[in-house]
**Student:** 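Just dropping this structure here.
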Amino acid sequence: MAQFFEIHPQNPQPRLCREAVRLLLSGGIVALPTDACYSLVCHLDDRQAVERLRRLRGLNQRQHLALLCKDLKHIAHYARVDNAQYRLMKAVLPGPYTFILEASREVPRRVSHPSKKTIGIRLPDHPVVQAILAELGQPLIASSLKLPHQDEVLRDPLEIRDHLEHDLDLIVSTGDICGVNPTTVIDWTRGDPVVTRLGAGLLTGALEPLPTTYNEFEEEH
């Protein structure tokens with residue numbers, strides 16, 4: 001049965017963040033609010049937890065999961081990033097965007113795309129997520145919390161508890177409902193960047209001129 005933590009949205013309690021990390025390190029799956037929508041997260045190196053997360057989301061091995069990273073240095077460790085990519089990401093991150101990039105050798109094969117060797121990268125602008133990532137010291141695997149039989153992400157922590165109390169190890173609440181839109185996805189694996197899903201991230205500033213299209217990754221992050 002899932003534990004339920006009320007964490008302050010701006011000043012996360014260190015004790016609760018440490019306990020959340022302990023649960024993640026012991027194989028737990030956590031429902032975590034982000035700057036876009038609620039996500040399911042688990043430890044990067046825990047094969048069984050990753051497979052549990054995929055089953056809950058109804059995702060197959062060819063569908064991307066995302067890495068929640070604390071900063072740009074983490075991103076460069078887990079994805080191959082050139083100067084142009086780094087400059088654009090630095091201009092818009094942290095924020096509600098997922099960048100599809102070529103995965104580095106540090107990414108386990110089970111969480112990257114099996115044939116394209118790509119990975120979704122997130123740097124969320126959310127104090128609770130940042131506090132948990134800082135305590136953990138490495139990225140988390142994540143996917144937006146949309147169940148296979150539903151059209152929209154779950155956004156109310158009490159509703160999440162009603163649906164998933166026996167499937168999760170922890171539900172984090174900040175005392176409010178979360179956003180309903182997943183991240184804006186930018187695929188930068190085939191030359192120039194292309195927006196493949198419009199979501200919570202606005203296409204302004206450096207992102208405004210990017211072309212927009214649709215591909216098979218639209219529903220996955």
Side-chain angles (χ1 to χ4, degrees), residues 2-25 28-44 53 57 64-75 77-79 89-100 119-146 152-161 164 168-186 197-205 207 220-221:
Q3 298 189 55
F4 193 92
F5 288 178
E6 290 274 3
I7 298 184
H8 194 282
Q10 298 300 323
N11 299 293
Q13 302 94 315
R15 176 182 62 82
L16 294 180
C17 292
R18 287 194 296 270
E19 181 62 15
V21 167
R22 186 191 68 79
L23 290 169
L24 288 162
L25 289 173
I29 296 180
V30 175
L32 192 63
T34 75
D35 53 346
C37 63
Y38 259 97
S39 289
L40 295 179
V41 304
C42 69
H43 194 270
L44 171 63
L53 190 152
R57 281 284 282 109
H64 275 101
L65 298 170
L67 288 182
L68 293 187
C69 297
K70 185 180 183 300
D71 52 37
L72 288 170
K73 288 187 290 186
H74 265 164
I75 291 176
H77 187 65
Y78 290 96
M89 288 191 293
K90 187 176 181 180
V92 301
L93 296 177
Y97 304 92
T98 297
F99 284 85
I100 308 298
I119 188 71
I121 297 289
R122 284 265 282 127
L123 204 169
D125 186 16
H126 194 289
V128 174
V129 182
Q130 286 290 325
I132 290 174
L133 289 171
E135 182 68 29
L136 179 63
Q138 64 183 111
L140 287 167
I141 287 291
S143 182
S144 56
L145 208 174
K146 187 175 74 171
E152 293 186 345
V153 296
L154 296 178
R155 58 187 309 211
D156 186 331
L158 297 179
E159 183 182 16
I160 294 170
R161 183 161 63 180
L164 295 171
L168 302 179
D169 300 275
L170 172 64
I171 299 165
V172 172
S173 170
T174 55
D176 200 357
I177 60 175
C178 199
V180 71
N181 291 319
T183 58
T184 291
V185 177
I186 300 162
R197 181 180 69 196
L198 292 172
L202 301 178
L203 298 183
T204 59
L207 297 178
E220 297 155 16
H221 306 281

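Computed from a prediction, not measured in an experiment: that's the story for all the values here. The residues of the chain are indexed from 1 along the displayed sequence.
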**Student:** Answer whether the closest heavy-atom distance between the side chains of D71 and L133 falls below 4.5 Å.
**Tutor:** no
**Student:** Between L65 and S143, what is the shortest heavy-atom contact and its length?
**Tutor:** CD2-CB, 4.0 Å
**Student:** Answer yes or no: is there a side-chain heavy-atom contact under 4.5 Å between Q130 and L123?
**Tutor:** yes
**Student:** For a quick test of your reading: what N or O donor-acceptor pairs under 3.5 Å do the side chains of residues 29-39 make, sequence neighbours left out?
**Tutor:**
from	atom 1	to	atom 2	distance (Å)
T34	OG1	A36	N	3.1
T34	OG1	C37	N	3.2
T34	OG1	C37	O	2.7
T34	OG1	R122	NH2	3.2
D35	OD1	R122	NH1	3.3
D35	OD1	R122	NH2	3.0
D35	OD2	D125	N	2.8
Y38	OH	V172	O	2.5

**Student:** Compare all side-chain heavy atoms of T174 with those of H126 and state whether any distance is below 4.5 angstrom.
**Tutor:** yes
**Student:** For Q138, check side chain to side chain donor-acceptor pair (under 3.5 Å) against everything at least two apart and list the hits.
**Tutor:** H43
**Student:** Within the 4.5 Å heavy-atom criterion, are I75 and F99 side-chain neighbours or not?
**Tutor:** no
**Student:** Quick one: side chain to side chain contact (heavy atoms under 4.5 Å, CB included) partners of I177, sequence neighbours excluded?
**Tutor:** R155, D156
**Student:** Any salt bridge (charged side-chain N to carboxylate O under 4.0 Å, His left out) involving residues 134-144? Give me the pairs, sequence neighbours left out, ordered by first then second residue.
**Tutor:** none
**Student:** H77: which residues meet the side chain to side chain contact (heavy atoms under 4.5 Å, CB included) condition with it, sequence neighbours left out?
**Tutor:** E106
**Student:** Using a 4.5 Å cut-off on heavy atoms from C-beta on, say whether the side chain of I160 contacts that of L168.
**Tutor:** yes
**Student:** Mind listing the closest non-hydrogen atom pair of N181 and G199 along with its distance?
**Tutor:** CB-C, 4.3 Å
**Student:** Could you pull out all residues at least two apart from E19 that satisfy side chain to side chain contact (heavy atoms under 4.5 Å, CB included)?
**Tutor:** Q3, F5, R22, L23
**Student:** Quick one, T183 and R197 - any side-chain contact, counting heavy atoms below 4.5 Å?
**Tutor:** yes
